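Before any comments, here is the structure.
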Amino acid sequence: MSDSQFDTQWPSLQRRGFVTAALAAAGGVATGLWGQPALANPTPVTDKVLKVGVTSGPHEQVFEAVKKVAERDYGMKIEIVSFSDYVMPNAALDAGDLDANSFQHGPFLQAAIRARGYKLVGAGRTWVGPISLFSKKYKSLADIPEGAQISLPNDPANGGRVLLLLAKGGLITLKPGIDPLQGVFASQDDIVENPRKLKFIELESPLLVRSLDDVDAAAINADYAYKAGLNPVRDSLLTESGDSPYVCLIAVQEKNKDVPWLPQLVAAYRTQEVKDFIVKEFDGVVIPAW
C-alpha cells in the first residue's frame, strides 16, 4: 500500500498519530493494512477450509462471531484452532499448519519475525486489548512501596509494553528512542530512573494472573485478565488508553498476502455485527479498532 492510499483509506490512524510505517515488520517484511470491508468481493473465492489460529478467551470468542459472518456473507469455510499460549499460533502459521491467525498485536508479530525468522505479515486491524497493572495488595499507584515486586510478560514486545506503561504512570523513566512500532522495544536495561527500586519478575503470560498472590502487582494482557474476571477499566491501577499502538492483527504467511480470500476474511471481521458483539460482550475490556 502506498503512502497516498494509506492517507486516503486510514485518516483516523493519522489523527491518532500513526504513520505509514507504524506496522512495518522487522527485516523488511511489511505488516499490511487492508481496505474497508466494502471493497471485498462477496463472491466465494475458495472452497478450502481455512484454519485460523486464535488464543482462548476474547480472540476465540470474537472469531466465532467472525466465522458466522464469513460463512454467511462470503461462503467461506472456517475451522477455528484454539491455543493456550502466544508462541504456538505463529509457529503453526509459519509451518503451514494454519492459514491465518488472529491473536497478536503488530509489535508482537515484529518481535516473532525478528527472533525466529518467520515469513509472516499482518492484514487488517482488529481490536486493542489494553495491558494493565493489577494488584491484590494495593488500591492505587501511590500505594506501591519501595522494593515492590512487579511481574510482567517475558516476551520482548509485551515486556517492553509494560515498561512503557509504567513510565507513563511515573513509576520509572526510560531512555529516549524506544519505539515499538519500529521494533525497538524497551527492556530493563533501558530504565534510567527507578526511584522506588521496583523489582521485575518476568513470567510466561499465562502465569501472570496466578502471580498476583505472590507479587505486589502484575501486568496482565487483556485476554488473560478477562478470563480471570478482571476488568482493566474497573480493577486496574494503571491501563493503556484506546490510542495504544498495540493494535491486534490478522496474520498470514507472506506468500499468502495477496490471496483473494484474505480481504474477505478481513472484511468479515471488520463489520458492524462483529463490532456490536465486541462492545456488548466485553464491556470495555476489548476495544474495536475500526
Side-chain angles (χ1 to χ4, degrees), residues 31-34 37 40-42 44-106 108-109 112 118-129 204-206 221-228 246-257 259-283 285-290:
T31 303
L33 294 175
W34 287 80
N41 178 4
V45 294
T46 181
D47 292 328
K48 181 179 181 179
V49 178
L50 301 175
K51 293 185 177 181
V52 180
V54 298
T55 45
S56 61
H59 283 291
E60 183 174 13
Q61 290 171 263
V62 173
F63 222 91
E64 289 287 354
V66 175
K67 176 181 178 180
K68 178 181 176 182
V69 174
E71 293 181 343
R72 181 193 66 212
D73 295 350
Y74 295 100
M76 305 180 81
K77 301 174 184 177
I78 296 175
E79 177 185 344
I80 297 174
V81 182
S82 182
F83 296 87
S84 60
D85 63 57
Y86 290 159
V87 176
M88 290 307 299
N90 277 335
L93 179 59
D94 188 70
D97 297 327
L98 300 173
D99 297 289
N101 67 39
S102 178
F103 79 101
Q104 66 194 321
H105 50 66
F108 186 90
L109 176 59
Y118 292 147
K119 300 299 183 182
L120 306 178
V121 295
R125 295 154 49 89
T126 58
W127 49 260
V128 177
E204 295 286 342
S205 290
N221 292 77
D223 48 355
Y224 291 114
Y226 174 77
K227 286 184 282 188
Y246 289 84
V247 180
C248 291
L249 305 166
I250 294 171
V252 296
Q253 289 185 327
E254 185 181 1
K255 67 181 182 181
N256 288 332
K257 63 184 178 65
V259 293
W261 55 260
L262 183 54
Q264 290 189 335
L265 186 64
V266 173
Y269 202 120
R270 294 165 56 84
T271 56
Q272 188 64 42
E273 182 175 336
V274 173
K275 179 181 285 188
D276 290 344
F277 172 81
I278 291 173
V279 171
K280 180 180 178 180
E281 183 71 20
F282 299 109
D283 190 28
V285 176
V286 171
I287 306 169
W290 72 95

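All of these numbers come straight from a predicted model, not from anything done at the bench.
In this structure, the side chain of Q253 does not engage the main chain of K119 through any donor-acceptor pair within 3.5 Å. Side-chain atoms of R270 come within 3.5 Å of backbone atoms of R125 as a donor-acceptor pair (strictly under, hydrogens ignored). T55 contributes no side-chain N or O that, together with a main-chain N or O of F103, makes up a donor-acceptor pair within less than 3.5 Å. Judged by distance alone, the side chain of N221 and the main-chain N or O of D223 form no donor-acceptor pair under 3.5 Å. Counting only distance, with no hydrogens or angles, the side chain of K51 and the backbone of V81 share no donor-acceptor pair below 3.5 Å.
D85 has its side chain out of reach of E204: every pair of non-hydrogen atoms, C-beta onward, lies at least 4.5 Å apart. Taking 4.5 Å as the limit, every side-chain heavy atom of Y74 sits out of range of all side-chain heavy atoms of L265. Residues K67 and V52 form no side-chain contact, since every pair of their non-hydrogen atoms from C-beta on lies 4.5 Å or further apart. Residues V121 and V252 are in side-chain contact: their nearest non-hydrogen atoms beyond the backbone lie under 4.5 Å apart. A 4.5 Å side-chain heavy-atom check between I80 and V54 finds at least one atom pair inside the cut-off. Here the side chains of D99 and W261 are in contact, with some heavy-atom distance below 4.5 Å.
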For this session: Check the pair L262, N256 against side-chain contact (heavy atoms from CB on, under 4.5 Å), reporting the backbone distance first and the verdict last.
Result: CA-CA 8 Å; L262 183 54; N256 288 332; over 6 Å; no
Exercise. Is there a side-chain contact (heavy atoms from CB on, under 4.5 Å) between N90 and F108 once you walk through the steps?
Worked result: CA-CA 10 Å; N90 277 335; F108 186 90; 3.9 Å; yes
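Within a 6.0 Å radius of NZ in K275, other residues, nucleotides and ligands contribute more than 12 heavy atoms.
For Y224 and Y86, the distance between ring centers is under 6.0 angstrom.
In terms of heavy-atom proximity, P206 sits nearest to S84 at CG-O, 3.8 Å.
Between F277 and F282, the angle of the ring planes goes over 60°, which puts this pair in the perpendicular group of the 30/60° scheme.
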